[in-house]
Q: 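Dropping the structure in here first, questions after.
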Amino acid sequence: MVEVTVTFHEKAVELMKGFAAKKGISLKEYCKQAVLDRLEDDEDIRDADAAYEEYLKNPVTLSHEEFWRELEAV
């Protein structure tokens, strides 16, 4: 593991401490979860952007019924 140090304004720390306390976790754990959640969101955005780029190359869509028929065929 690697330790990382981050500096925040006091008001931000107090706000984070309040949210951490409501969740029953430490400030350290709250910050860790927040960063990991952001990483997951960023990966989802990257994947969505890639899927959209792929769609732009071949903009074929299916109706709801067609989608379910194709899914059932798999």
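What you see is a predicted model, and the numbers here were worked out from it, not measured in a lab.
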Q: Do Val4 and Phe8 sit in one hydrophobic cluster, given that two such residues count as connected whenever their side-chain heavy atoms are within less than 4.5 Å of each other, even indirectly?
A: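 Yes, Val4 and Phe8 fall within the same hydrophobic cluster.
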Q: Rounded to the nearest 0.5 Å, how far apart are NZ of Lys57 and OH of Tyr52?
A: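 Answer rounded to 0.5 Å: 13.5 Å.
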Q: Find out if a path of hydrophobic residues (ILVMFWY) with successive side-chain heavy-atom gaps under 4.5 Å connects Val6 to Phe19.
A: yes
Q: Could you go through Arg46 and Asp42, starting from their C-alpha distance and side-chain angles, then the distance that decides it, and tell me whether this counts as salt bridge (Lys or Arg N to Asp or Glu O under 4.0 Å)?
A: CA-CA 6 Å; Arg46 182 197 61 209; Asp42 287 347; over 6 Å; no
Q: Taking a hydrophobic cluster as the set of Ile, Leu, Val, Met, Phe, Trp and Tyr residues connected by side-chain heavy atoms closer than 4.5 Å, whether directly or through intermediates, do Ile25 and Val13 fall within one such cluster?
A: yes
Q: Is there a donor-acceptor pair under 3.5 Å between the side chain of Glu29 and the backbone N or O of Ser26?
A: no
Q: How about CD on Glu10, more than 12 heavy atoms from neighbouring residues, nucleotides or ligands closer than 6.0 Å, or not?
A: no
Q: Quick one: pull up CG in Asp41 and CG in Leu36 and give me the separation to the nearest 0.5 Å.
A: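 Reported value, rounded in 0.5 Å steps: 11.0 Å.
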Q: Which atom pair, heavy atoms only, marks the closest approach of Tyr55 to Thr61?
A: CE1-CG2, 3.9 Å
Q: Starting at NE2 of His64, measure out to CZ of Arg69 and round the result to the nearest 0.5 Å.
A: 11.0 Å
Q: Quick one: does Glu43's side chain get under 4.5 Å of Leu39's, heavy atoms only?
A: no
